[in-house]
Peer 1: 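The structure follows.
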2 protein chains.
Amino acid sequence: MHSFTEENYLKAIYHLSEGNMEAVSTNQIAEMTNTKAASVTDMLKKLAEKKLINYIKYQGVTLTNTGVNAAVNIIRKHRLWEVFLVEKLGFKWDEVHDIAEELEHINSDTLVNRLDDFLGNPVADPHGDPIPDRSGLIKHKKLVKISDMQTGESGTVSGVSEHSSIFLKLLEKMGLTLGTKIIISELIEFDGSIMLTIDQKTERTISREVAKNILVIL
Amino acid sequence: MHSFTEENYLKAIYHLSEGNMEAVSTNQIAEMTNTKAASVTDMLKKLAEKKLINYIKYQGVTLTNTGVNAAVNIIRKHRLWEVFLVEKLGFKWDEVHDIAEELEHINSDTLVNRLDDFLGNPVADPHGDPIPDRSGLIKHKKLVKISDMQTGESGTVSGVSEHSSIFLKLLEKMGLTLGTKIIISELIEFDGSIMLTIDQKTERTISREVAKNILVIL
DNA sequence: TAATTTGTTTAGATTAATCTAAAAATTTGT
DNA sequence: ACAAATTTTTAGATTAATCTAAACAAATTA
């Protein structure tokens, strides 16, 4: 198995290369892992040695298949534990990240699979992020940022692209939690903010910055 | 907080000083933690520096109050996770120790207390060991080894003093799990083995070695 | 009680992960 | 295309946890 630290690097590289399939840079990894570039370089050599990443000096890195598998497995654990914390222990969606960050490193396939079953094989975590199944497969939904929607369009809030507690608490307060139905009632030209109807009842205006981080299924 | 490693030393010292309230020796700790005596000495200095143990060169160690609290808290977590694994995830009592050994180091009081409530505030783990409450209090039951019982005496199996998977599986096979009622039917002089009636039905003979490790409430 | 055995500590290395400062490579801007 | 700026890597230290071998202390035993 890989060390706690190695796992965190793999996860960081995975997240950084999601979306844009490009190589990830040393500095990006350093920022994500709260370390210095020099430390990252050292670790990259080690991970390359173990064939978990493809690394060429000065050219950035990509995960190998083995590396992707390892990363996906950690993410699976992280998200399952988040579901557990919210569904079974009554935590709020903004409280679970740090604890899951620790739990994700517990090593036991049996444990993860039994937890998965115990939770009823959930397909998404409390923030709407998809949970890889036991073979590592991830079912991505087609999600759209509210900031990309047009007047009159409607959809269901199904994810967020910002996971900070402060942002999640804000959504909670505004009634924009997962599952909420919204209709865009007006795009305000002046500052780009967006007026929408929540659950056919409440009218609300949200800033462009907030709208960019809420993901919706049309 | 204390490191993973420090926590394991505290736990080892706690377990070694249970029962006999004497100071614990360097070698005892080395054996329990699978390290060498020299490494233990180093760590003892560190723990003494942090006022978690009372340490005098060549004289062994005892835990300070702070040290006891830290150790009890780890044990509380370990035993609660064991209950979770057995009661909620369907693990057998001989399968949970190693996983709980990892889970016990997860750091969050809220998590532990919510887990405790979720499990219905259990008083004992799957092996019958008492679970400290959130203030650190441990309710010890008066348990007797089967090997110390007399012919005609009866009791309920309520604990074990040997936690190895091989031993627990054996008890399972013999029907001597927790809650089982037994009556001593005969003490066999020849080899010290003991004949007993299980749940008013089955007659069985167990070796003195096995009998020594089964604990009973009279 | 002196000698031997056993147990513990010190000294000096090692490994993993990190850092700072300096050197080297790459990218950018004119 | 070359100089400047940025990014990445190397070099050399540091910290936590561990080890082996040697020195030292305590307990045992003859």
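Just so it is clear: chains get the letters A, B, ... in the order the sequence lines come, proteins before strands, and each one is counted from 1.
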Peer 1: Give a yes/no on whether any side-chain N or O of B:N27 is located under 4.0 angstrom from OP1 or OP2 of C:dT6.
Peer 2: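 Checking C:dT6 against B:N27, no side-chain N or O comes under 4.0 Å of OP1 or OP2.
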Peer 1: Atom CG of B:L44 to atom P of C:dT8: distance rounded to whole Å?
Peer 2: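 So the two atoms are 10 Å apart, to the nearest Å.
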Peer 1: Output the rounded distance in Å from CG (A:D42) to P (D:dG12).
Peer 2: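 Rounded to the whole Å, the gap is 14 Å.
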Peer 1: Between A:K212 and A:E209, does at least one N-O distance fall below 4.0 Å, as a salt bridge requires?
Peer 2: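 Yes.
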Peer 1: Can you tell which of C:dT26, D:dA26, D:dT9 lies closest to the side chain of A:Q59?
Peer 2: C:dT26
Peer 1: Run A:S161 and A:N213 through side chain to side chain donor-acceptor pair (under 3.5 Å) and show every step you take.
Peer 2: CA-CA 5 Å; A:S161 48; A:N213 290 298; 3.1 Å; yes
Peer 1: Strictly by Watson-Crick or wobble contacts shorter than 3.5 Å, is anything paired with D:dC2, and which nucleotide is it?
Peer 2: C:dG29
Peer 1: Taking ring-ring contact (aromatic ring centres under 6.0 Å, His included) as the definition, give me every residue that meets it alongside A:Y58, ordered by chain and number, with sequence neighbours left out.
Peer 2: none
Peer 1: Round to the nearest Å and state the distance from A:F4 atom CZ to D:dA16 atom P.
Peer 2: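 In whole Å, D:dA16 P and A:F4 CZ are 17 Å from each other.
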Peer 1: With heavy atoms under 4.0 Å as the rule, sort B:Y9 into base, sugar-phosphate or nothing.
Peer 2: sugar-phosphate
Peer 1: Can you measure A:N8 atom CG to C:dT18 atom P for me and round it to whole angstrom units?
Peer 2: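 Answer to the nearest Å: 9 Å.
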Peer 1: Does A:E31 have more than 12 heavy atoms from other residues, nucleotides or ligands lying within 6.0 Å of its CD?
Peer 2: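 Atom CD in A:E31 is not packed in, count stays at 12 or less.
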Peer 1: Could you tell me whether B:R134 and B:D109 have a side-chain N and a carboxylate O separated by less than 4.0 Å?
Peer 2: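 Between B:D109 and B:R134 there is no salt bridge, as every charged N stays at least 4.0 Å from the carboxylate O atoms.
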Peer 1: Are side-chain N/O atoms of B:E102 and B:W81 paired as donor and acceptor at under 3.5 Å?
Peer 2: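 The answer is no; no qualifying pair exists.
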Peer 1: Less than 4.0 angstrom between a side-chain N/O of A:K57 and OP1 or OP2 of C:dA24, yes or no?
Peer 2: no
Peer 1: Between C1' on D:dC19 and CE on B:M43, what's the gap in Å once rounded to a whole number?
Peer 2: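 Roughly 14 Å, once rounded to whole Å.
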Peer 1: Are any of B:K45's side-chain N or O atoms less than 4.0 Å away from OP1 or OP2 of C:dT10?
Peer 2: yes
Peer 1: Considering only heavy atoms, which members of residues 32-39 of chain A lie under 4.0 Å from some atom of DNA chain D?
Peer 2: A:A37, A:A38
Peer 1: Just checking A:E49: does its CD atom have more than 12 heavy atoms from other residues, nucleotides or ligands closer to it than 6.0 angstrom?
Peer 2: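 Incorrect, the count does not exceed 12.
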Peer 1: So which one's nearest nucleotide on DNA chain C is more toward 5', A:V40 or B:Y58?
Peer 2: B:Y58
Peer 1: Please determine if A:E104 and A:K11 form a salt bridge, counting it only when a charged side-chain N lies under 4.0 Å from a carboxylate O.
Peer 2: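 Salt bridge: yes.
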Peer 1: Taking only the side-chain nitrogens and oxygens of A:Y55, find out if one of them lies under 4.0 Å from OP1 or OP2 of D:dT9.
Peer 2: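 So the side chain of A:Y55 is within the cut-off, an N or O lying under 4.0 Å from OP1 or OP2 of D:dT9.
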Peer 1: Can you tell me how far P of D:dT8 sits from CD of A:Q28, to the nearest Å?
Peer 2: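 One finds 8 Å between P of D:dT8 and CD of A:Q28, rounded.
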Peer 1: Please state how far atom CD1 in B:I53 lies from atom C1' in C:dT8, giving the value in whole angstrom units.
Peer 2: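 It works out to 14 Å between those atoms.
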Peer 1: Please determine if a side-chain N or O atom of B:T41 lies less than 4.0 Å away from the OP1 or OP2 oxygen of C:dT10.
Peer 2: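 For C:dT10, neither OP1 nor OP2 has a side-chain N or O of B:T41 closer than 4.0 Å.
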Peer 1: Rounded to whole angstroms, how far apart are CD1 on B:I29 and P on D:dT18?
Peer 2: 13 Å
Peer 1: Applying a 4.0 Å non-hydrogen cut-off, can you work out what B:T26 is touching in the nucleic acid: base, sugar-phosphate, or nothing?
Peer 2: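 The residue B:T26 makes sugar-phosphate contact but no base contact.
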